[in-house]
Amino acid sequence: MNDYKLIIMTDDKQVVLERILQVTRYRGFLINGMNAQVNTGNQIATIELFVSSERPIELLIDQINKLIDIKGVKVDNKAENNGAQQHSA
Amino acid sequence: MNSSKPLTGGGLLFEVLEQHGVEHVFGYPGGAIMPIYDALYDSNVKHFLCRHEQGAAFSAVGYARAAGKVGVCMATSGPGATNLITGLADALADSIPVVAITGQVATSAMGSDAFQEIDIFGLSLACTKHSFQVSDINDLENVLHQAFEIALEGRQGPVLVDIPKDIQQAEVTSRLEEFSHLTNKVQLPLADISNAIDILTHAKQPILYVGGGVGMANAIDEVRSFAEQTGMPSVSTLKGLGAINADNENYMGMLGMHGTKASNLAVQECDLLVVVGARFDDRVTGKLNEFAPNAKVIHFDIDTAEINKRRFADAAILGDLKANLPLLSMSLNISEWQAKVKQMKADFGWRYDHPGSKIFAPAVLKEMSDLMPKNTCITTDVGQHQMWSAQHISVDDPCNFLTSGGMGTMGFGLPAAIGAQISRPHDTVIAVSGDGSIMMNVQELATIKRYQIPVKILLIDNAKLGMVRQWQDLFFDGRLSETDLADNPDFSQLARSFEIKAQTITEKSQVSEALKEMIDHQGPYLLHVKIDAKDNVWPLVPPNTANDKMMESV
């Protein structure tokens with residue numbers, strides 16, 4: 001299993017968190033943790049998502065990017081391979 | 001609108017539908033959508049009352065696919081909304097633009113387990129491209145416009161808008177001058193054209209692999225021109241059928257699990273796959289790591305997420321097919337390969353000789369294909385008849401072959417045909433169904449009766465769930481489990497009870513005359529064709545097997 005930390009910039013819209021979590025699970029990624037503040041009244045939300053999977057992370061990035069409210073997704077390379085452990089520690 | 005009444009959320013819905021050119025909607029009323037149905041009363045939009053919400057959803061899908069427009073369906077909260085889900089999932093799998101409107105209990109009752117309350121907004125996440133729940137009447141107009149924009153933008157798909165009853169009833173006090181357009185459209189990288197040209201010019205044995213995206217992109221002329229200019233042998237997915245004209249000498253038909261032998265053998269031998277609006281579906285590839293093992297891939301698509309999803313692309317060309325495909329058009333020196341492929345096509349053509357007097361479904365479908373008027377729209381259900389239809393009916397446009405590809409939904413064919421016929425009243429529409437599938441949405445015969453929709457139904461009856469029976473015979477040691485339908489109703493009598501003219505045939509000698517009668521009949525017609533229950537669909541690539549190891553008989 002490979003661990004990744006994704007940084008997701010999104011419009012702060014209804015159920016955007018649920019949408020991201022649903023896509024992440026469905027596309028075969030285990031959700032190990034997240035940091036998110038949404039529905040804050042700001043226009044933009046930033047979500048940090050810690051995931052692990054045997055699958056290439058690009059597959060998940062492309063699928064999250066397709067969600068209508070998403071502005072951008074990137075992998076935090078510094079956190080890659082130990083992001084989940086850091087988060088849960 | 002009746003000008004004496006204030007505009008409500010329900011009335012606003014129909015105003016926005018009209019702004020988007022919607023003339024027809026499919027639906028079923030109920031408690032939580034009554035204000036919308038009240039507003040319908042004053043609207044110019046024509047509503048078709050289906051007899052089940054799933055029928056409404058599939059009619060909207062058929063309407064959208066046949067006409068290239070957005071299909072619209074409506075249902076009430078709770079079970080009405082959940083009954084739409086299969087149709088929305090089908091539309092998502094096949095990238096069909098549909099807008100579904102659901103009524104919801106009033107906002108004050110939401111979350112209280114109210115009567116007919118379900119979290120359809122939550123349920124929609126996995127089966128729509130996007131969804132909305134409107135909590136403020138001032139948001140409704142913008143949301144409805146965005147629903148249409150999202151349904152059509154990029155890779156098309158279904159959008160659900162859930163509207164609580166109090167929002168439907170609320171008075172609209174302000175209108176938009178302009179709605180907010182999408183701002184987060186996926187940025188497509190620059191197309192890898194020079195790399196693709198390099199790969200193409202070095203190919204000795206290329207194949208053009210055409211999918212449903214061609215029709216969705218309205219790029220049929222471009223793909224045909226590309227096929228013509230390059231002279232490249234071509235194959236089609238189930239959803240791509242009709243994109244390449246069947247009389248193109250280099251076209252080999254469908255590939256994949258029930259594809260033609262020539263298609264599958266040629267793809268396995270090719271050194272380049274030019275993939276156009278297709279996604280390497282598992283029913284196409286068979287065992288993925290043995291699919292076209294020596295081929296490089298040039299992949300054209302509108303959806304970034306399809307690139308490298310199941311097969312690495314040596315060159316990816318993202319964006320509008322209409323604009324991108326001509327960039328690679330060139331003459332290729334592949335005459336040896338063309339000759340080889342043509343020989344394969346000649347060697348492995350279809351055979352329609354079949355012993356005995358019992359009716360052979362492939363021969364019926366071939367004869368119907370030869371008889372049907374130009375621009376006939378075929379819909380199918382799912383199972384053996386679907387694959388036989390894909391193999392033996394020739395269509396000249398993907399919008400003339402509507403079948404549930406990705407989801408493989410039994411019950412699709414009849415309501416989809418209703419939608420198709422309403423969108424194209426002057427064309428012949430034929431639903432090819434099976435005795436298992438038709439019972440999945442048989443209540444829609446009542447919709448045909450109510451509106452006198454002249455859909456023709458060709459019902460292929462083997463008194464079995466034929467495809468499952470075939471697999472049980474081949475792969476489960478003949479242990480036939482729950483696939484016998486010997487207690488089917490008398491289908492002709494059933495059709496007549498809905499005032500639909502019907503005939504049952506059982507012998508080969510009856511086929512020609514019966515087909516002519518069905519096609520020439522002015523109103524709805526059901527032709528019930530009893531076939532041998534033991535007939536199988538061939539060729540068949542067994543599961544987890546390379547496509548060149550297809551079975552051709554028991």
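Quick note on labels: first sequence line is chain A, next is B, and so on, each numbered from 1.
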Evaluation steps, side-chain contact (heavy atoms from CB on, under 4.5 Å), between B:E306 and A:D62:
CA-CA 9 Å; B:E306 291 303 339; A:D62 284 344; over 6 Å; no

A quick test of your reading: do over 12 heavy atoms of other residues, nucleotides or ligands sit less than 6.0 Å from CG of B:N289?
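Yes - once you tally the heavy atoms of other residues, nucleotides and ligands closer than 6.0 Å, there are more than 12.
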
A quick test of your reading: do over 12 heavy atoms of other residues, nucleotides or ligands sit less than 6.0 Å from NZ of B:K309?
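Atom NZ in B:K309 is packed in, count exceeds 12.
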
Tell me every residue that passes side chain to side chain contact (heavy atoms under 4.5 Å, CB included) with B:D282, counting only those two or more places apart in sequence or in another chain.
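Listed in chain order: B:R310.
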
Output all residues satisfying side chain to side chain contact (heavy atoms under 4.5 Å, CB included) with A:A45, sequence neighbours left out; order by chain, then residue number.
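Side chain to side chain contact (heavy atoms under 4.5 Å, CB included) check on A:A45 returns A:T10, A:D12, A:V38.
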
Heavy-atom cut-off 4.5 Å, strictly under: side chain, backbone, both or neither for A:E18 against chain B?
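Looking at A:E18, backbone and side chain both touch chain B.
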
For B:Q133, which atoms come within 4.5 Å of any heavy atom of chain A: side chain, backbone, both, or neither?
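Answer is both: backbone and side chain atoms of B:Q133 are under 4.5 Å from chain A.
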
Would you mind checking which part of B:N308 comes under 4.5 Å of any heavy atom in chain A, side chain (CB onward), backbone (N, CA, C, O), both or neither?
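Contact with chain A is through the backbone of B:N308 alone.
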
Might you work through the side-chain contact (heavy atoms from CB on, under 4.5 Å) test for B:L125 and A:V15, ending with a clear yes or no?
CA-CA 9 Å; B:L125 299 184; A:V15 304; 4.3 Å; yes

Pick from A:Q22, A:Q63, A:R19 with the largest number of heavy-atom pairs that fall under 4.5 Å of chain B
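Most heavy-atom pairs under 4.5 Å with chain B: A:R19.
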
